[in-house]
Protein chains: 2
Amino acid sequence: MAATIVATHERATAAERILRAAGVLFRERGYHGSSMRTLARALRMEAASLYYHFRSKQEILFAILDRTLDDLLAGVGRAVASADGPEARLRAAVRFHVLFHTDSQHEAFLSHSELRSLTQANLRLVLTRRDEYERVFRGLLASGVRAGVFQVADVRLTAMAVLTMCTGVATWFAEGGRLSPEAIADRYVEMIMKSVKR
Amino acid sequence: MAATIVATHERATAAERILRAAGVLFRERGYHGSSMRTLARALRMEAASLYYHFRSKQEILFAILDRTLDDLLAGVGRAVASADGPEARLRAAVRFHVLFHTDSQHEAFLSHSELRSLTQANLRLVLTRRDEYERVFRGLLASGVRAGVFQVADVRLTAMAVLTMCTGVATWFAEGGRLSPEAIADRYVEMIMKSVKR
DNA sequence: GTCTATAACTAGATAGAC
DNA sequence: GTCTATCTAGTTATAGAC
C-alpha cells in the first residue's frame, strides 16, 4: 500500500531518481520555471532520456503529487490507528502531519503550491484525495467535540487552520536549523491542543 | 505613505490596472506559467504595450510584492498603534493580517509563493521587509510574555505558526463562501489568543 | 536505456509606425 | 500610449541511431 515510499538511498530506480530530483527542482523554481533540460542536467542525462520513463512533464508532476497523497493518507491512517481517544488521536495526526512536512518537505510543498499546474483531470484526482485527508482532521475534531474534550467554534474552519499552520512548516523548515523536526512537531502539537481543548 | 493602496474601481492608471491583472494571473497560473501575451489579452491590449509601463515581467512581479509589503507594514503599524496592551495589540495585528489576506488575496498569496521567481537583488529587498513584518509579531508575543499575559514555549516558532496559519487563509478563501472575512478573522483571533494566553 | 538531432511552437523583449 | 512586425532564444516532445 504505502510501498510508494521512495528509498532515500542507493538502488533507486531511474523513475524514482527522476521524481526525487523533480521534487527538488519544481519546489525551487516552480513547475513552469523548471525545464526538462534543467531536470535532465541535474540527473546528468539528456532531456530526451526523461521521455523513456515519463510521457510528459505533466506526468512527472502528477506522479509526485499522487505519491505524496498516498503517503499522507497511509501515514495519517497509521497515526490515528495507533492512538486511543480523540485527544491522543489528534495529537498523533498533527504530529504525523508536521513530521511529513519536514521529511518530505519538497513534495509536501508542491502538493499545495503546484495544484494550479495540473491539468483539470489530474487536479480532480488529486483534490478528491486531499479532501479525504482533510476529512480525517475534521472527523477527529468533531469526535472530540462530541466527547466533550474539545471546544471549537467551527470544526471546518479549525481543521483548515490546523492544517495550513502545519503545512506552512514545509515553507520555512531548514534542515540543520535551530529546531529539530521532532521539537517542532512537539510544540505544534501543544499549541494546537491548547487551542482546541475544552 | 500607504498611498500605494490601489483603487479597486474606476480611474485606475494603466500601470495600476496592469498590476491588478498580473496579480490575478500570476496567482492562478504562477509567474513562469503566465506570459506577457496572456496578461496583455486579459487587459485587451498587445504585449508590446505592457513594455511602455514596465521594463520587464520581473519588474511587474517586483512591483506587486513591493506594494504588498508597503501595505502590510503600514497596516500592521496602524493596527498595533490603535490598541493598548500586548493582548489587544496582538488581537489587532492578527485581525489585520487575516483581513489583508482575504482583501488582497491574490497579492498576498504571491508575496510568499512567488518569492522564488524574484531575481536575487529583488528577493533581498523583499525579504528584508518581510523580516521586519515578522519581527512585529515576535515583538508582540515577547512583550506579552514579559508582561505575564502570554505563555509560549518559543516566541520565534509561535510567530511563524501564527503567521503561516493566517497566511494560509489566502490559499483557500473564496469570496461569497460560507464565512465572511470578518467571521474568519474573529475566529482566528480567538483560536490564537486561546493558544498563547497564560 | 541513453544518445544526437530536430520539429513545432512559445517565450520575453525591441523597433519603429501611427 | 498603443499598435504591427520581428528577433533571438528557449520550450516540450519526437525520431531514430547506438
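Everything numeric here is computed off the predicted structure, so don't read it as measured data. Proteins get letters first, then strands, A, B, ... in listed order; numbering begins at 1 in each.
Note: CZ (B/Phe26) to P (C/dA11) measures 13 Å, nearest angstrom. Distance B/Phe54 CZ to D/dT2 P: 12 Å, rounded to the nearest Å. Following rounding to the nearest Å, B/Met45 (CE) and D/dC3 (P) show an atom-to-atom distance of 6 Å. Rounded to whole angstrom, the span from the CD atom of A/Glu46 across to the P atom of C/dC3 amounts to 5 Å. In this structure, NE2 of A/His53 is placed 12 Å from C1' of C/dC3, rounded to the nearest angstrom. Atom CG in B/Leu25 sits roughly 10 Å away from atom P in C/dG12 (whole-Å rounding). The nearest whole Å value for the distance from the CZ atom in A/Arg41 to the C1' atom in C/dC3 is 16 Å. Look at CZ on A/Arg17: it is 12 Å from C1' on C/dG1, rounded to the nearest Å.
Sorted by first and then second residue, the side chain to side chain donor-acceptor pair (under 3.5 Å) pairs with a member in residues 170-183 of chain A read A/Arg178-B/Asp154; sequence neighbours excluded.
Every residue was checked against the salt bridge (charged side-chain N to carboxylate O under 4.0 Å, His left out) condition with B/Arg135, not counting sequence neighbours, and none meets it. In this view, A/His106 satisfies the ring pair (Phe, Tyr, Trp, His ring centres under 6.0 Å) rule with no residue, not counting sequence neighbours. Considering only residues two or more places apart in sequence or on other chains, A/Lys197 meets the salt bridge (charged side-chain N to carboxylate O under 4.0 Å, His left out) condition with A/Glu87.
Pairing each heavy atom of B/Ser35 with each of B/Leu25, the nearest pair is O-CD2, 4.4 Å.
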Per-nucleotide protein contact string for nucleotides 6-18 of chain D (B base, S sugar-phosphate only, - none; heavy atom under 4.0 Å) | B----BBBBB---
What side-chain donor-acceptor pairs closer than 3.5 Å can you find for residues 88-101 of chain B, not counting sequence neighbours?
unit_1   : atom_1 : unit_2   : atom_2 : d
B/Arg89  : NE     : B/Val80  : O      : 3.3
B/Arg89  : NE     : B/Ala83  : O      : 3.2
B/Arg91  : NH1    : B/Glu190 : OE2    : 3.0
B/Arg95  : NH1    : B/Asp186 : OD1    : 2.9
B/His97  : ND1    : B/Tyr133 : OH     : 2.6
B/His97  : NE2    : B/Thr167 : OG1    : 3.1
B/His101 : ND1    : B/His97  : O      : 2.8

